Amino acid sequence: MKIAILPGDGIGTEIVAEAVKVLQVLDLKAETETALVGGAAYEAHGHPLPEGTLKLAKAADAILFGAVGDWKFDKLERALRPEQAILGLRKQLGLFANFRPALCYPQLTHASSLKPELVAGLDILIIRELTGDIYFGQPRGRRTAVDGHFPGAEEAFDTMRYSRPEIERIAHVAFQAARKRSNKVTSVDKANVLETFQFWKDVVTEVHAAHYADVELQHMYVDNAAMQLVKAPKAFDVVFTGNMFGDILSDEAAMLTGSIGMLPSASLDKNNKGLYEPSHGSAPDIAGKGVANPLATILSLAMMLRFTLGQPEAAARVEAAVDRVLTAGLRTGDIWSEGTQQNTRRVGTAEMGDAVVAALKND
Ligand code: IPM
Ligand code: MG
C-alpha cells in the first residue's frame with residue numbers, strides 16, 4: 001500500500017505531522033511519500049499542483065491531504081491559486097463522492113453554538129457530489145453582456161450543470177451509505193427555481209424507485225435545509241446534495257458539532273480510492289503556532305483505514321483513542337472554553353497528537 005502525504009499550506013503541515021505519527025504507531029507496513037501541494041508547491045515549482053505531485057497522487061492507493069490556501073496568494077490568477085490544487089485533484093482523480101460526517105462528541109456538546117439538547121448525540125452524514133455542478137461547469141468567464149438588465153456592461157458567468165450519470169452514481173453512493181446507517185436520505189435541491197436541480201430531484205427519485213424502495217427518501221429545498229439544520233439537526237441522517245450546496249451545508253453542519261477542527265472527510269472515486277482531508281481549511285491566522293486541532297486529520301486517517309485500506313479494526317482503534325483523549329480532558333483552543341468545563345486542559349497540536357499515539361499504545 002502506498003499513501004501519498006500532501007500537507008499543503010498553513011496549519012496543514014502541523015496537523016498532517018500528527019496524523020503521520022498515528023499512522024506510524026499502527027505499523028501497517030504502508031509506504032508513504034510526501035510532496036508539496038497548494039501555495040507551498042506554487043512557491044517551489046510555480047504551480048499549485050505540479051506534475052510530480054499529481055503523478056504521486058495518481059499512483060498512490062490513498063492520499064492524506066492537509067489544507068491549502070493563504071491570503072498572500074489571493075492576487076494570483078485563478079489557475080495558480082492554492083485552491084486549484086484540491087479542485088484539480090478531485091477532478092483529475094475522479095473523486096466524485098465526498099463523505100462529511102458531522103458527529104457531536106458528548107464530551108464537546110458545550111462547544112456547539114446551539115443548545116446542548118439540540119446537538120447531543122448528533123450523527124449525520126453529508127454526501128456531497130464533488131466533481132460537477134457550478135464548480136466545474138463550462139463555459140464560465142467574463143464578457144460583455146449582450147442582454148440582461150445592462151446590455152453592454154461587463155459581466156461574469158458560471159454554468160451550473162449535472163448529467164444523468166453524474167447524478168445516478170452519487171445517488172447510489174448516498175442510498176447505499178444510508179442502508180449502513182438509519183436508512184434515511186434527505187436529498188437537497190433547489191427544484192423550485194433551477195432546471196439543474198429539478199433534474200437532480202427527478203433522477204434521484206428514479207434511482208430510489210428502481211433500487212432503494214427500502215430507504216426513506218425526503219426531498220428538501222436548500223434554503224429550508226439550511227434552516228432545519230439549525231432548528232432540529234438530529235432529524236437528519238444522510239444529507240445528500242450537489243457540489244455547491246454541499247460546500248455550504250457542510251460548513252454549517254460542522255459548526256453544529258462544536259468545532260470544524262473535529263471533522264474528517266473522505267473523497268472517493270468509483271473504486272473507493274480516496275483522498276482524505278480535514279473538513280477545515282489552512283487557517284493561516286494560527287499557522288506555525290502549534291495550536292491547531294489535529295483531530296480532524298487523525299479522524300480522516302481513520303476513514304482512510306476503513307474505506308480504502310480495508311483496515312476497519314485499525315480505524316476503530318484510532319477513533320476510540322480520540323474518544324479517550326477527549327474523555328481525559330485534553331482540548332485544543334477551538335474546543336476549549338474558559339470555565340465551562342471541569343477537568344479539562346488546554347493543549348497544543350503536538351501534545352494532542354502524542355496523546356492519541358499514547359492512547360493507541362495502551363489500548
Ligand atoms: C471545501 C473547500 C473547497 C471547496 C475550497 C478550498 C476549494 O471549501 O472542501 O469545502 O469549495 O470545495
Ligand atoms: Mg467548503
Side-chain angles (χ1 to χ4, degrees), residues 6-13 15-16 36-42 47-49 53-54 57 63-74 76-102 124-137 140 158-160 162 166 170 188 222 225-226 229 239-257 259-269 274-285 287 292-293 296-297 299-300 303-304 334:
L6 308 181
D9 307 320
I11 60 172
T13 46
I15 54 181
V16 166
L36 295 175
V37 75
Y42 171 76
H47 197 278
L49 183 57
T53 302
L54 182 59
I63 301 154
L64 184 65
F65 191 92
V68 288
D70 193 314
W71 304 306
K72 68 181 174 199
F73 304 113
D74 281 357
L76 285 177
E77 63 174 280
R78 182 164 307 281
L80 296 178
R81 287 202 208 156
E83 290 76 11
Q84 292 305 312
I86 185 66
L87 294 172
L89 282 168
R90 289 171 183 171
K91 188 76 186 171
Q92 305 245 20
L93 274 60
L95 306 172
F96 68 93
N98 185 217
F99 289 68
R100 296 191 168 181
I124 61 184
L125 173 63
I126 299 202
I127 296 195
R128 168 186 177 197
E129 198 289 330
L130 206 57
T131 52
D133 203 349
I134 197 165
Y135 267 58
F136 293 98
R140 55 185 280 166
D158 297 275
T159 302
M160 177 177 271
Y162 266 123
E166 278 179 294
I170 191 73
V188 177
V222 63
L229 265 175
V239 177
F240 164 46
T241 190
N243 204 347
M244 179 77 159
F245 299 154
D247 178 45
I248 300 165
L249 294 181
S250 61
D251 265 28
E252 187 187 4
M255 206 52 231
L256 302 176
T257 71
S259 173
I260 198 165
M262 293 297 301
L263 297 189
S265 81
S267 306
L268 306 182
D269 75 0
L275 180 147
Y276 297 83
E277 60 173 325
S279 281
H280 60 73
S282 57
D285 53 326
N293 186 349
T297 315
L299 291 166
S300 298
M303 290 185 91
M304 179 194 292
D334 57 312

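In listed order, ligands and their atoms are each counted from 1. Values below: all heavy atoms of this structure, side chains included; hydrogens, waters and symmetry mates excluded. Everything quoted here is computed from the prediction, not taken from an experiment.
Between S282 and V68 the shortest side-chain heavy-atom distance does not fall below 4.5 Å. Contact annotation: the side chain of D269 never approaches that of L275 to less than 4.5 Å [non-hydrogen atoms, C-beta and beyond]. For the pair M244 and D247, the minimum side-chain heavy-atom distance is 4.5 Å or more.
In R81, neither the side chain nor the backbone holds a heavy atom less than 4.0 Å from any atom of ligand 1. If you look at H280 next to ligand 1, there are no close heavy atoms at all, none under 4.0 Å. Contacts between R90 and ligand 1, counted as non-hydrogen atom pairs separated by less than 4.0 Å, involve the side chain only.
Among protein heavy atoms, atom 11 (O) of ligand 1 sits closest to Y135 OH, 2.5 Å. In this structure, the protein non-hydrogen atom closest to atom 5 (C) of ligand 1 is E83 CG, 4.5 Å. Nearest protein heavy-atom neighbour of atom 1 (C) of ligand 1: R100 NH2, 3.4 Å.
The minimum heavy-atom distance linking F65 with V37 is given by the pair CE1-CG1, 3.8 Å. Residues R81 and L76 come closest through the heavy atom pair NE-O, 3.1 Å.
E252 and S250 share no donor-acceptor pair across their side chains, judged by distance under 3.5 Å alone.
The shortest N or O to N or O distance between R128 and ligand 1 is below 3.5 Å. The N/O atoms of D247, backbone and side chain alike, include one that comes under 3.5 Å of an N/O atom in ligand 1.
Taking 2.8 Å as the criterion, D247 counts as a coordinating residue of the Mg ion (ligand 2), since one of its N, O or S atoms falls below it.
Checking side-chain atoms of Q84 against main-chain N and O of I86 turns up no donor-acceptor pair under 3.5 Å.
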